[in-house]
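All values derive from a computational prediction rather than experimental measurement.
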Amino acid sequence: MVSTLPVSLEDIRAAARRIAGRIVETPMVQSASLCDIAGVPVWLKLEHHQTTGSFKLRGATNAVLSLSPAERSRGVVAASTGNHGRALAYAAKAEGAVATICMSRLVPENKISEIRRLGAEIRIVGSSQDEAQQEVDRLVGEEELVMVPPFDNPAVVAGQGTLGLEIINALPEVATVLVPLSGGGLAAGVAAAIKGVNPTTKVIGLTMERGAAMKASLDAGRPVQVEERPSLADSLGGGIGLDNCVTFAMCRELLDDVILLTEAEIAAGMRHAYACEREIVEGAGAVGIAALLAGKIRSGGPVVAILSGRNVDMEQHRRVINGEAAMFGEDGQ
């Protein structure tokens, strides 16, 4: 089953060899507090300790290294909700390439400033990732930049899948893996790696209720557009692309379930990470903890929750921790 999909276990193993030494093999630690809550061993994969603060460096690095020298010399471009842009800027700079990152006005300023610090050219376009992608398409067509998509690309998915290899190698008996889900690059790659080694392990995608594009697409049986809305889990925003050719099929085939989380549940996950695990994570990175706290996960064996990123605005984080932040509600506020 897995071998017929766009990215195979061997593709992921090849990516692991390619990016070795350029990314951090992040730690995995057991959470005593979450073990008590879940009633089974719970491990946290601390991917927010990655060099650029999120898992995105894996896919971006594998994609850049997969380009020819001539392609890298033309410069790379991508649309991003922040973390992919930061990762691509870092990976491109490491290989002597120029990166252009297109983002919408919804991307937090702390993520934009870090991308700028890494030397990338920044374009702020529109109020959604779909609008930012239109600028990417223009730059590819008119200036011949090479697009490195944030998720719907085999090299990117294979790079993200190396995280799954680290999990299954460290804990072969894992029963359930909790993966943040947006465009599906991380979920598809991790699921392909995990199930390629142990098909019985469940992989569950977690996302916010507000504008969950992959969930809506899976429910519809085809890629669909959704309204992009503000969320504490801003990194999980954006569409999956109506012409999606990699991640939709992989998520449909490999994910055992997709679970939605409210803004209040995401905030609770962030608070627990800080108060009990001594970890600072952004909303998207807290969804695994949030799902466990909310009682939305049932597992008969060990669980691994991926803490995918830490690139949160620290004022927002302070307000969430102190219970001061207004939650984004159904009225759109």
Side-chain angles (χ1 to χ4, degrees), residues 1-2 4-7 79 81 84 104 106 127-133 149-153 156-157 160-161 164 176-192 194-195 199 201-266 269 283-288 290-292 294-299 303 305-306 308 327-332:
M1 175 181 68
V2 176
T4 65
L5 293 171
V7 177
T81 54
H84 175 65
S104 82
L106 292 180
S127 58
S128 72
Q129 185 159 332
D130 289 337
E131 290 179 279
Q133 182 61 45
F151 52 86
D152 196 40
N153 174 279
V156 170
V157 172
Q160 318 304 27
T176 305
V177 178
L178 308 180
V179 190
L181 175 64
S182 178
L186 178 63
V190 166
I194 295 289
K195 290 182 177 288
T201 300
K202 291 185 177 181
V203 181
I204 298 175
L206 304 170
T207 191
M208 71 290 190
E209 287 185 346
R210 298 173 59 81
M214 182 61 80
K215 178 65 164 66
S217 297
L218 293 172
D219 288 346
R222 58 182 174 80
V224 297
Q225 287 183 316
V226 299
E227 180 187 358
E228 191 169 340
R229 303 170 67 191
S231 171
L232 286 175
D234 57 88
S235 294
L236 301 184
I240 71 166
L242 295 181
D243 57 350
N244 187 292
C245 57
V246 179
T247 61
F248 174 75
M250 293 186 71
C251 287
R252 180 178 57 188
E253 186 72 22
L254 297 174
L255 292 183
D256 293 280
D257 198 4
V258 174
I259 293 174
L260 301 179
L261 295 158
T262 68
E263 295 298 302
E265 288 167 345
I266 294 168
V287 291
L292 289 163
K296 294 184 173 181
I297 303 298
R298 296 287 184 268
S299 180
V303 174
I306 298 172
S308 57
M327 297 299 100
F328 297 109
E330 290 305 314
D331 60 357

To check you understand the geometry: which heavy-atom pair defines the closest contact between Leu242 and Pro223, and what is its length? CD2-O, 3.5 Å

Where do Gly269 and Ala286 come nearest, in terms of heavy atoms and distance? C-CB, 3.7 Å

Within this structure, what is the CZ-CD1 distance for the pair Arg222 and Ile240, rounded to the nearest 0.5 Å? 10.5 Å

Contact summary for Val156 and Pro150, nearest pair of heavy atoms: CG1-O, 3.6 Å

Nearest non-hydrogen partners of Leu181 and Leu236, listed with the distance: O-CD2, 3.8 Å

Salt bridge or not for Arg298 and Asp257, using N-O below 4.0 Å? no

Could you check if a side-chain atom of Ile297 sits within less than 4.5 angstrom of a side-chain atom of Ile259, using non-hydrogen atoms only? yes

Quick one: does Thr81's side chain get under 4.5 Å of Gln129's, heavy atoms only? yes

Within the structure provided, determine whether Val7 and Met250 are in side-chain contact (heavy-atom separation under 4.5 Å). yes

Rounded to the nearest 0.5 Å, the CG atom of Asn153 sits from the CD atom of Gln160 at a distance of 10.0 Å

In Å, rounded to the nearest 0.5 Å, how long is the span from CD1 of Ile266 to CD of Glu209? 8.5 Å

In this structure, CG of Leu261 is separated from NZ of Lys296 (nearest 0.5 Å) by 5.0 Å

OG on Ser231 to CE on Met208, rounded to 0.5 Å: 5.0 Å

Looking at Val203, Val179, Leu254, which one forms a side-chain contact (heavy atoms from CB on, under 4.5 Å) with Ile194? Val203

Shortest non-hydrogen separation from Ala213 to Gly239 and the atoms involved: CB-CA, 3.8 Å

Rounded to the nearest 0.5 Å, what separation is found between the CZ atom of Arg210 and the CG atom of Leu232? 9.5 Å

Taking Glu253 for its side chain and Ala249 for its backbone only, find out whether a donor-acceptor pair lies under 3.5 Å. no

Are side-chain heavy atoms of Asp256 and Lys195 found at a separation under 4.5 Å? yes

Min side-chain heavy-atom separation Pro180-Ile306 under 4.5 Å: yes

To check you understand the geometry: which heavy-atom pair defines the closest contact between Gly285 and Ser308, and what is its length? CA-OG, 3.4 Å

With the side chain counted from C-beta on, respond yes when Lys202 and Ser299 share a heavy-atom pair under 4.5 Å apart, and no when they do not. no

Quickly, which of Thr247, Leu186, Val157, Val246 forms a side-chain contact (heavy atoms from CB on, under 4.5 Å) with Phe151? Name it, please. Thr247

Side-chain contact test, heavy atoms from C-beta onward, threshold under 4.5 Å: evaluate it for Thr176 versus Ile204 and give yes or no. yes

Sub-4.5 Å side-chain heavy-atom contact between Asp152 and Cys245: yes

Can you name the side-chain hydrogen bond (donor to acceptor under 3.5 Å, both in side chains) partners of Thr207, sequence neighbours left out? none

